[in-house]
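These notes are about the structure you will find just below.
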2 protein chains.
Amino acid sequence: MPHDERPGAAGVDPEQLWLRPTEPRRGRKPSFSREGIVAAAVAMADAEGIEAVTMRRVAAQVGAGVMSLYSYAPDKETLLELMVDHVSGELTAADPPSGDWRTDLKTIAHLQRAHMLRHPWLPAALSTRRVPGPNTLAFLEHALAALRPTGLDGAAKLEVFAQLTAFVAGHVAHEITQAAAARSPDRGAAEARYLAAVAADGRHPELAEVLAAPGRPLTAEATFARFLGRLIDGLDAG
Amino acid sequence: MPHDERPGAAGVDPEQLWLRPTEPRRGRKPSFSREGIVAAAVAMADAEGIEAVTMRRVAAQVGAGVMSLYSYAPDKETLLELMVDHVSGELTAADPPSGDWRTDLKTIAHLQRAHMLRHPWLPAALSTRRVPGPNTLAFLEHALAALRPTGLDGAAKLEVFAQLTAFVAGHVAHEITQAAAARSPDRGAAEARYLAAVAADGRHPELAEVLAAPGRPLTAEATFARFLGRLIDGLDAG
DNA sequence: CTCTATTCTCGTACACTGTACGGAATAAAG
DNA sequence: CTTTATTCCGTACAGTGTACGAGAATAGAG
């Protein structure tokens, strides 16, 4: 599968990247696989965060020399795109649309949330992704099928899907930082003291009130479901 | 204003970062200012993208040695936090709430959208930010005031604000990549060919239909307003 | 078989990154 | 003055992505 890319202006040529299965009939056989390399990178990102993923470490994990990776992806940014599409493969095992697009969309969103919680580097990676790979497209196909009963036109369906994904990514990103803050008591306490100090300056009465009477805290799951419901139920209003 | 931080576990101590105005009464006087350094970094990020912002370049821009920056921010990640809060200062010049929380919220969202379009690195930066600085808190105060008529409790108001911000960030991120693709015709054409090829494989009928009949393309502004309306109008349903 | 074209592998090298260290410069306090 | 605190910044270092090119492996042509 390895194949060098053209030095195109900026970004990666999707045709070169995603199409063409196995062309080269001559020459040395590949010792590794794109699949294995990308899977190793994903495992590292899941376990240690995206910033722990370096070309050297991925190569070592796979048992390759560093520069060998460049036969499978033209640069690191492309490797990241491959990672995003790779994990999207987990999303394809979804039931066919039921016909009730509202519940189908909610199911899709819940799938995405679980997916992003499993791969916490995803929300940030999604905000700079370029071209959808095959797994991403398969999931998009699924979402479009679920949206068929709405009667929306093509552009509108794509927008709905993009917005839904962005919504989930935003929520999960928030959820992750909340969870991280809750896990380290020092951190949370320091932040609470800081906010209390700000609220005490008299120029933030609303903030002070919120801190004084925060209300009962809901689970992240419940909050997600509530906002999701509002977003989706609002979709046919306009 | 320069002050060294403690080597705390992870992240930055918000009390050390944001509080305390001018304490040091002894020692050499600062030749630069946090304000100026952060402003230079923001200008660079706006003009050349966030990845163009390096400590060396910022220092050169300001006329300082590289290591001098570390008297004003303990590390680069903190500098980024300072940048986020710095630009949030542009948001504070908003009218007081009108009492109609729906239109107030829409106004806020439109402010945020314009803000993020002006600083395209913001959406990505927001998904990993930690502690709100004074400007961010001022804007939050404004949003909380707008939400007062809803009668929601504190935690719910915070959630609404977080979700609204995430929504805008997601939309703008999408908008920016769309605009970038449209600006370079090679890129857009290659992507279109790629998608057409995928749609032609017969296993993506919904995608094929969308590509064949995309519907009339709306302006980004109109799409934003439409989704925003749906989101906000749905807020009192649940 | 040999020859040649093609492809993959990867050691070395380079420019560039964030930042630890420590000494020199400066300013106030004792 | 000396002492202490603070800022400035040159140097150095470990770590990054990746360009280059020499060598190894494979397939077809003769």
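Here is how names work: the chains are called A, B, and so on, in the same order as the sequence lines, proteins then strands, and each is numbered from 1.
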Query raised in the report: Between B:Val66 and B:Gly27, which has a closest nucleotide on DNA chain D that is more 5'?
Result: B:Gly27

Query - B:Ala41 versus B:Leu79, closest heavy-atom pair with distance - result: CB-CD2, 4.5 Å

Query raised in the report: Starting at CG of B:Asp75 and ending at C1' of C:dC21, how long is that distance when rounded to a whole Å?
Result: 17 Å

Report task. Respond yes when some side-chain nitrogen or oxygen of B:Ser68 is under 4.0 Å from OP1 or OP2 of D:dC9, and no when none is. Result -> yes

Query raised in the report: Quick one: A:Arg26 CZ to D:dA29 P, roughly how many Å, whole number?
Result: 7 Å

Report task. Using only side-chain N and O atoms of B:Thr54, determine if any of them is under 4.0 Å from OP1 or OP2 of C:dT17. Result -> yes

Query raised in the report: Which comes earlier along DNA chain C counting from the 5' end, the contact point of A:Ala64 or that of B:Ala52, where each point is its nearest nucleotide?
Result: A:Ala64

Query raised in the report: Is any side-chain N of the basic residue among A:Arg203 and B:Glu141 closer than 4.0 Å to the acidic one's carboxylate O?
Result: no

Query raised in the report: Looking only at atom types and distance, does a side-chain atom of A:Ser68 sit under 3.5 Å from a main-chain N or O of A:Ala64, one as donor and one as acceptor?
Result: no

Query raised in the report: For the pair made of CD1 in A:Ile37 and P in C:dT9, what is the distance, rounded to whole Å?
Result: 8 Å

**Report entry** Sidechain N-carboxylate O distance under 4.0 Å for B:Lys76, B:Glu81
**Finding:** no

Report task. Rounded to the nearest angstrom, tell me the gap between atom CZ in B:Arg28 and atom P in C:dG22. Result -> 19 Å

Query raised in the report: Hey, does the side chain of B:Lys29 come within less than 4.0 Å of C:dA27's phosphate (OP1/OP2), counting only N and O?
Result: no

Query raised in the report: Given atom CE of A:Met55 and atom P of D:dG15, what is their separation to the nearest angstrom?
Result: 18 Å

Query raised in the report: Roughly how many Å is it from CE in A:Met67 to P in C:dC8, rounded to a whole number?
Result: 14 Å

Report task. Using whole Å, report how far OH of B:Tyr70 lies from P of D:dC8. Result -> 15 Å

Query - A:Ser88 and A:Asp85 side chains, donor-acceptor separation under 3.5 Å - result: no

Query raised in the report: Is the base of C:dG18 touched by the side chain of B:Arg56 through a donor-acceptor pair closer than 3.5 angstrom?
Result: yes

Query raised in the report: OP1 or OP2 of D:dT7 sitting under 4.0 Å from any side-chain N/O of B:Tyr72?
Result: no

Query raised in the report: Which part of the nucleic acid, if any, lies within contact of A:Ala59, taking any heavy atom under 4.0 Å across all strands shown: a base, the sugar-phosphate backbone alone, or nothing?
Result: nothing

